[in-house]
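In what follows, a structure is listed as structure tokens, so that the remarks can point back to it.
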Amino acid sequence: MIELGVNIDHVATLRQQRGTDYPDPIRAAQVAEDAGADLITLHLREDRRHIQDADVFAMRKAIRTRMNLECAVTPEMLEIACRAEPDDVCLVPERREELTTEGGLDVITHEQSVRAAIERLQQAGIRVSLFIDPDAQQIRQAHALGATVVELHTGAYAEAAMADQPAHLERLREAVAVGVGLGLRVNAGHGLHYDNVAPVASMPGIAELNIGHAIVARAVFDGFETAVRDMKACMIRAVYGK
Ligand SMILES: CC(=O)[C@@H](O)[C@H](O)COP(=O)(O)O
Ligand SMILES: NCC(=O)COP(=O)(O)O
């Protein structure tokens, strides 16, 4: 069964925008779990624009499913991750001035730091995922560095003009096949929404999709629980046709 990771970052974005103590991302995670989320994803950015350190530790205590902590490959973040002990850490690239995560982590260029980060996190008992572009060389390198999970960045597909989407989907399909062939768990995410999720969800071999912005946006009108249920239903319909 394909899994849905609900990313609750943008619940925290709304809170941080006014410096209030609401809306509570922990409550959002609990509602998401009740609505069928298989795991909760949160990204502790270096600039703390949404998730705060306290959220990470509170989340660890509160959630009943799995916790997937996204973070940059920096000493500070690795230290926090080892202390928080999430089930998974997904290592992502980060640029402070970016609007959102613009591409995958280049695990070839950053070979040494990524290898060291994987070793440190795995020694702490944490499974490591690498958020990379759907590129065979990057996937082979992720495997060679000792990661057991990759998350393919779907942003290029999500942002492409309709006419260009088939080519992006083909690239993703090939990347999934390479990863699965190497024995990796292959996840995907970024920029997925209710109208573009189906072709990715139905790709043979995809284990998990991490989706946040679209769910939080839909929740404004439909409520968080319904927004999560509807996304899970879209994924299941895409895979099983019901
Ligand atoms: C790595 C990733 O794709 C998510 O963490 C997502 O990017 C969260 O939203 P922001 O990029 O807006 O922080
Ligand atoms: N890793 C991708 C993620 O967690 C969610 O990204 P988005 O749906 O907020 O674009």
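Note that ligands are numbered from 1 as they come in the structure, with each ligand's atoms numbered from 1 the same way. Values below: every heavy atom of this structure, side chains too, minus hydrogens, waters and symmetry copies.
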Considering the heavy atoms of Asp9, write down every atom of ligand 1 situated less than 4.0 Å from one of them.
-> 5 (O), 8 (C), 9 (O)
Give a yes/no verdict on whether any heavy atom in His153 is under 4.0 Å from an atom of ligand 1.
-> no
Are His10 and ligand 1 in contact, using a heavy-atom cut-off of under 4.0 Å?
-> yes
Considering only heavy atoms, does Thr41 approach ligand 1 within less than 4.0 Å through its side chain, its backbone, both, or neither?
-> neither
Residue list, ring pair (Phe, Tyr, Trp, His ring centres under 6.0 Å) with His213, at least two apart or on another chain = His10
Is there any N or O on Phe131 that sits under 3.5 Å from an N or O of ligand 2?
-> no
Do ligand 2 and Gly189 have nitrogen or oxygen atoms that lie under 3.5 Å from each other?
-> no
Proximity flag Ala214 to ligand 2, non-hydrogen atoms under 4.0 Å = no
Could you tell me if any non-hydrogen atom of Glu70 lies under 4.0 Å from any atom of ligand 2?
-> yes
Which protein heavy atom lies closest to atom 3 (O) of ligand 1, and at what distance to 0.1 Å?
-> His190 ND1, 2.6 Å
Any idea which atoms of ligand 2 are less than 4.0 Å away from a heavy-atom of His213?
-> 7 (P), 8 (O), 9 (O)
Which ligand 2 atoms does His190 reach within 4.0 Å, using its non-hydrogen atoms?
-> 2 (C), 6 (O), 10 (O)
Given the options His190, Arg95, His153, Glu102 meets side-chain hydrogen bond (donor to acceptor under 3.5 Å, both in side chains) only with Arg95
Hey, are the side chains of Thr41 and Glu70 touching, using non-hydrogen atoms and a 4.5 Å cut-off?
-> yes
Just let me know how Asn210 lines up against ligand 2, side chain, backbone, both or neither, with a heavy-atom cut-off below 4.0 Å.
-> both
Show me the donor-acceptor pairs, under 3.5 Å and distance only, between side chains in residues 73-84 and residues at least two apart or in other chains.
{"unit_1": "Thr74", "atom_1": "OG1", "unit_2": "Met77", "atom_2": "N", "d": "3.1"}
{"unit_1": "Glu76", "atom_1": "OE2", "unit_2": "Arg48", "atom_2": "NH2", "d": "2.8"}
{"unit_1": "Glu79", "atom_1": "OE1", "unit_2": "Arg120", "atom_2": "NH2", "d": "3.0"}

Short N/O distance, under 3.5 Å, between Arg49 and ligand 1?
-> no
